[in-house]
Amino acid sequence: NFFLSFRWLVIAVGLVRAYLAKGSYHSLYYSIEKPLKFFQTGALLEECLLIAKYLPGIVPSSVVLTAFQVMSRVFLTWAVTHSVKEVQTEDSVLLFVVAWTITEIIRYSFYTFSLLNHLPYLIKWARYTLFIILYPMGVSGELLTIYAALPFVRQSGLYSISLPNKYNFSFDYYTFLILVMISYIPIFPQLYFHMLHQRRKVLSHTEEHKKSE
């Protein structure tokens with residue numbers, strides 16, 4: 001968990017250094033493109049191993065929701081931002097990268113200190129409070145980036161398969177991206193309200209524990 005926190009700190013430092021060097025937040029994506037691809041793809045493998053750990057029993061809903069979150073990030077990283085070069089200069093890309101980075105630094109710091117049985121209240125509070133802003137911020141950046149990619153996908157026919165072909169199969173990537181955007185409607189509220197429920201449970205328990213002391 002310490003290593004996982006460190007790798008997101010690498011991205012955070014890269015963003016800050018690029019901003020100080022350029023004096024502008026525009027197009028900062030290029031300064032962290034390679035580590036972002038590497039670390040975010042690695043997160044998918046970690047989540048697959050976590051799900052496999054619970055099989056053949058029932059996989060907890062929290063793990064499933066997190067898996068969806070990780071897969072959406074990998075999708076944004078490779079199938080949208082990497083594949084559609086034109087969106088890499090969009091401010092919306094920086095929006096979701098910053099949200100992901102802060103969220104993961106806090107999350108893995110929380111896990112690290114929890115394993116050490118020495119969890120500072122500030123980290124616990126940040127873990128169960130800052131998501132209120134960071135999650136909508138990240139989702140907004142993701143959706144705006146996909147939306148910005150749509151015209152270029154339609155024009156280029158990226159990843160689309162037209163009939164006729166020997167497999168008698170067609171695929172429209174433009175329509176698929178629209179469906180991906182629509183899928184956020186049922187999935188994001190579940191993740192968000194799950195975290196709100198966890199926040200009430202964890203922080204209220206902490207407050208009660210403090211009062212009892």
Side-chain angles (χ1 to χ4, degrees), residues 1-21 25 28-29 31-32 35-36 38-47 49-51 53-54 60-74 76-77 91-142 184 187-213:
N1 284 309
F2 174 78
F3 170 73
L4 298 176
S5 300
F6 177 76
R7 72 183 187 183
W8 285 99
L9 278 170
V10 169
I11 294 178
V13 171
L15 286 172
V16 172
R17 290 181 62 184
Y19 174 77
L20 293 176
Y25 62 86
L28 291 183
Y29 169 78
S31 64
I32 49 85
L36 177 68
F38 180 74
F39 295 151
Q40 196 60 74
T41 305
L44 180 60
L45 177 61
E46 293 158 17
E47 200 59 40
L49 291 174
L50 182 60
I51 291 176
K53 174 184 175 182
Y54 288 96
S61 60
S62 59
V63 175
V64 174
L65 290 173
T66 304
F68 274 116
Q69 185 181 41
V70 171
M71 286 188 287
S72 71
R73 290 180 179 183
V74 173
L76 256 293
T77 301
D91 292 342
S92 58
V93 174
L94 182 62
L95 196 65
F96 71 69
V97 169
V98 169
W100 292 357
T101 302
I102 298 174
T103 298
E104 296 307 281
I105 290 173
I106 294 171
R107 184 161 75 101
Y108 287 116
S109 296
F110 174 86
Y111 293 155
T112 300
F113 283 104
S114 295
L115 289 172
L116 294 173
N117 293 318
H118 186 70
L119 178 62
Y121 178 76
L122 179 61
I123 292 179
K124 180 186 286 188
W125 179 88
R127 163 71 172 149
Y128 291 102
T129 302
L130 294 187
F131 79 90
I132 295 173
I133 297 173
L134 293 173
Y135 277 22
M137 176 179 165
V139 167
S140 297
E142 292 171 23
Y184 276 70
I187 294 174
F188 173 69
Q190 290 186 57
L191 181 63
Y192 195 70
F193 287 118
H194 170 75
M195 286 299 296
L196 285 174
H197 174 73
Q198 290 296 105
R199 182 180 190 273
R200 286 193 296 268
K201 183 169 69 173
V202 172
L203 295 187
S204 63
H205 177 75
T206 303
E207 291 299 325
E208 290 175 2
H209 180 70
K210 285 182 177 181
K211 289 178 181 179
S212 66
E213 293 179 345

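Start at 1 with the first residue, then count along the sequence.
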| field | Interatomic distance, Leu122 atom CG to Phe113 atom CZ [nearest 0.5 angstrom] | value | 10.0 Å
| task | Give, for atom CD1 of Ile123 and atom NE2 of His118, the distance between the pair rounded to the nearest 0.5 Å. | result | 9.0 Å
| query | Quick one: does NZ or CZ of Arg199 land under 6.0 Å from the six-membered ring centre of Tyr128, within 45 degrees of the ring axis? | reply | no
| message | Regarding Glu142 and Trp100, do their side chains bring together a donor and an acceptor under 3.5 Å, going by distance alone? | response | yes
| Closest non-hydrogen atom pair, Pro136 against Ser140 | O-OG, 2.7 Å
| query | So, for Phe131 and Tyr135, is the gap between ring centers shorter than 6.0 Å? | reply | yes
| field | Rounded distance (nearest 0.5 Å) linking atom CD1 of Ile106 with atom CG of Leu134 | value | 6.0 Å
| field | Any Tyr19 side-chain heavy atom under 4.5 Å of Ser31 side chain | value | no
| Close side-chain approach of Trp125 to Pro120, heavy-atom, < 4.5 Å | no
| message | Applying side chain to side chain contact (heavy atoms under 4.5 Å, CB included) to Glu104 and Arg73, what does each step give before you reach the verdict? | response | CA-CA 12 Å; Glu104 296 307 281; Arg73 290 180 179 183; 3.2 Å; yes
| message | As an exercise, state the distance from OH of Tyr184 to CG of Leu191, rounded to the nearest 0.5 Å. | response | 11.0 Å
| Pairwise side-chain contact, Gln40 with Trp8, heavy-atom cut-off 4.5 Å (strictly under) | yes
| Looking at CZ of Arg7 and OG1 of Thr101, how far apart are the two atoms once the value is rounded to the nearest 0.5 Å? | 11.0 Å
| request: For atom CD1 of Ile133, decide whether the heavy atoms of other residues, nucleotides or ligands shown that lie under 6.0 angstrom number more than 12. | output: no
| Does Ser72 use its side chain to pair, donor to acceptor, with the backbone of Gln69 at less than 3.5 Å? | yes
| Going by heavy atoms in the side chains, are Val139 and Phe96 under 4.5 Å from each other? | no
| said: Is any side-chain heavy atom of Lys124 closer than 4.5 Å to one of Leu203? | reply: yes
| request: Check whether any side-chain heavy atom of Leu94 sits under 4.5 Å from a side-chain heavy atom of Leu15, and report yes or no. | output: yes
| said: Distance check, rounded to the nearest 0.5 Å: Arg127 atom CZ versus Ser114 atom OG? | reply: 9.0 Å
| remark: Residues Val74 and Thr41: closest non-hydrogen pair is CG2-CA, 4.4 Å
